[in-house]
Amino acid sequence: MTEQQAREEMVKLGASFFARGYATGSAGNLSLLLEDGNLLATPTGSCLGELDADRLSKVTLEGEWLSGDKPSKEIAFHRALYANDPDCKAVVHLHSHYLTALSCLEGLDTQNCIRPFTPYVVMRVGDVPVVPYYKPGDARLAEDLSRLAGQYRAFLLANHGPVVVGKSLREAADNTEELEETARLMFTLGDRAIRYLSDSEVAELRSR
Ligand SMILES: O=C(O)[C@@H](O)C(=O)COP(=O)(O)O
Ligand SMILES: [Zn+2]
């Protein structure tokens with residue numbers, strides 16, 4: 001994919017998230033690894049529904065701002081994921097409604113906050129660890145994600161929202177949506193008794 005195609009893909013997916021209510025206001029940020037080894041990221045304060053392909057931020061993996069508008073305040077945690085996960089080619093962070101609601105609950109299993117009850121989330125994402133609460137932009141988000149990177153495809157920032165990696169921005173976006181729909185199902189099911197997938201059913205999905 002050329003840099004221009006990557007820019008257009010980011011604009012298109014940002015607009016799609018926004019149009020369907022997965023992103024609101026200026027919350028959330030996206031990034032992807034360009035073929036030249038640099039990162040393309042959404043500018044800080046930008047609305048995902050109104051990104052401008054020519055004003056997207058270009059930064060090095062070391063964090064030097066090369067061109068475009070000032071990068072997201074979360075660029076450090078995006079960089080931490082690329083640096084520590086060779087399969088990570090794109091990152092999506094949203095404040096999507098149900099995952100953010102989930103991130104505010106007490107007593108989450110911090111190793112995996114989404115106990116599997118449908119197959120697709122296991123097949124596409126797997127376990128989702130919880131990163132403790134730090135204020136947005138805090139360097140500790142990058143430190144914690146550095147340690148978890150490479151072992152997981154998605155993370156839930158406590159009292160904040162999801163962070164999802166992918167081999168492409170499209171894959172990261174699709175997986176974010178799958179997680180958001182799973183969180184929505186959790187709230188829909190509420191206190192009803194759920195038949196969770198058994199360990200062997202989960203293992204079968206993981207070994208495909
Ligand atoms: O929650 C926050 O403030 C950030 O994590 C965020 O979602 C938007 O920050 P920018 O990417 O700097 O606009
Ligand atoms: Zn955020």
Side-chain angles (χ1 to χ4, degrees), residues 6-7 9-34 38-83 88 90-105 108 110 113 125 128-146 148-149 152-166 169 172-173 175-177 179-180 183:
R7 286 174 181 272
E9 175 87 338
M10 188 171 282
V11 171
K12 187 181 80 180
L13 289 173
S16 173
F17 275 142
F18 192 81
R20 293 175 302 130
Y22 289 98
T24 49
S26 61
N29 31 74
L30 312 173
S31 70
L32 59 81
L33 186 62
L34 291 164
N38 293 311
L39 299 179
L40 192 66
T42 50
T44 189
S46 57
C47 170
L48 296 192
E50 297 173 2
L51 296 172
D52 179 339
D54 297 330
R55 294 178 62 177
L56 295 173
S57 317
K58 196 168 169 179
V59 295
T60 66
L61 277 173
E62 293 72 36
E64 187 190 350
W65 175 18
L66 297 175
S67 63
D69 289 347
K70 186 178 177 190
S72 167
K73 72 166 86 69
E74 309 291 17
I75 196 67
F77 84 55
H78 287 244
R79 287 173 38 233
L81 291 165
Y82 294 101
C88 174
V91 178
V92 169
H93 164 56
L94 297 179
H95 297 179
S96 52
H97 185 93
Y98 288 95
L99 284 167
T100 302
L102 182 68
S103 81
C104 298
L105 293 180
L108 291 174
T110 57
C113 61
V125 182
V128 182
V130 181
V131 174
Y133 175 77
Y134 305 112
K135 80 176 170 60
D138 193 298
R140 287 170 291 182
L141 288 169
E143 288 165 18
D144 283 15
L145 286 169
S146 295
L148 296 167
Y152 303 96
R153 293 180 209 157
F155 315 85
L156 193 64
L157 308 182
N159 305 86
H160 188 165
V163 175
V164 182
V165 303
L169 191 57
N175 287 355
T176 307
E177 291 185 28
L179 278 178
E180 174 67 8

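Just so you know, ligand 1 is whichever comes first in the structure, and atom 1 is the first atom listed for that ligand. No experiment lies behind these values; they were computed from the predicted model shown.
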Look at [atom] and say which protein heavy atom is nearest, naming residue and atom and giving the distance to 0.1 Å.
| atom | answer |
| --- | --- |
| atom 13 (O) of ligand 1 | G45 N, 2.7 Å |
| atom 3 (O) of ligand 1 | K73 NZ, 2.7 Å |
| atom 4 (C) of ligand 1 | E74 OE2, 3.3 Å |
| atom 8 (C) of ligand 1 | N29 ND2, 3.5 Å |
| atom 12 (O) of ligand 1 | T44 OG1, 2.6 Å |

Test your reading of the structure: does [X] have an N or O sitting under 3.5 Å from an N or O of ligand 1?
| X | result |
| --- | --- |
| S46 | no |
| P43 | no |
| G28 | yes |

- Note: P136, heavy atoms under 4.0 Å from ligand 1, region reported as side chain

- Message: Measuring only between side-chain heavy atoms, which start at C-beta, is F155 closer than 4.5 Å to V165?
- Response: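 F155 reaches V165 side chain to side chain.
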
- Message: Just to verify, which of T60, V59, L66, V91 counts as forming a side chain to side chain contact (heavy atoms under 4.5 Å, CB included) with L39?
- Response: V59

Over all heavy atoms of both residues, which pair between [X] and [Y] is shortest? Give the atoms and the distance, please.
| X | Y | result |
| --- | --- | --- |
| P136 | L141 | CA-CD1, 4.4 Å |
| L179 | A154 | CD1-CB, 3.4 Å |
| A90 | A172 | O-CB, 4.2 Å |
| L56 | M10 | CD1-SD, 3.9 Å |
| S31 | Y82 | OG-OH, 2.7 Å |

- Counting distance only, does the side-chain N/O of S103 pair as donor-acceptor with the main-chain N or O of H160 below 3.5 Å? yes

- S146 (side chain) donor-acceptor with A142 (main chain) under 3.5 angstrom: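 Yes; judged by distance alone, with no hydrogens or angles, the pair exists.
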
- Applying side-chain hydrogen bond (donor to acceptor under 3.5 Å, both in side chains), run through H95 and H93 and close with a yes or a no. CA-CA 7 Å; H95 297 179; H93 164 56; 3.3 Å; yes

- Query: Is any NZ, NE, NH1 or NH2 atom of the basic residue among R140 and E143 found under 4.0 Å from an Asp or Glu carboxylate oxygen of the other?
  - Reply: no

Please identify which atoms of ligand 1 are closer than 4.0 Å to at least one heavy atom of [X].
| X | answer |
| --- | --- |
| H160 | 1 (O), 2 (C), 5 (O) |
| S72 | 10 (P), 11 (O), 12 (O) |
| H95 | 1 (O), 2 (C), 6 (C), 7 (O) |
| H93 | 5 (O), 7 (O) |

- Item | Nearby protein N/O/S atoms (those under 2.8 Å) for the Zn ion (ligand 2), with water ignored | H93 NE2, H95 NE2, H160 NE2

- Item | Candidate pair D52 and V11, rule side chain to side chain contact (heavy atoms under 4.5 Å, CB included), full reasoning | CA-CA 7 Å; D52 179 339; V11 171; over 6 Å; no

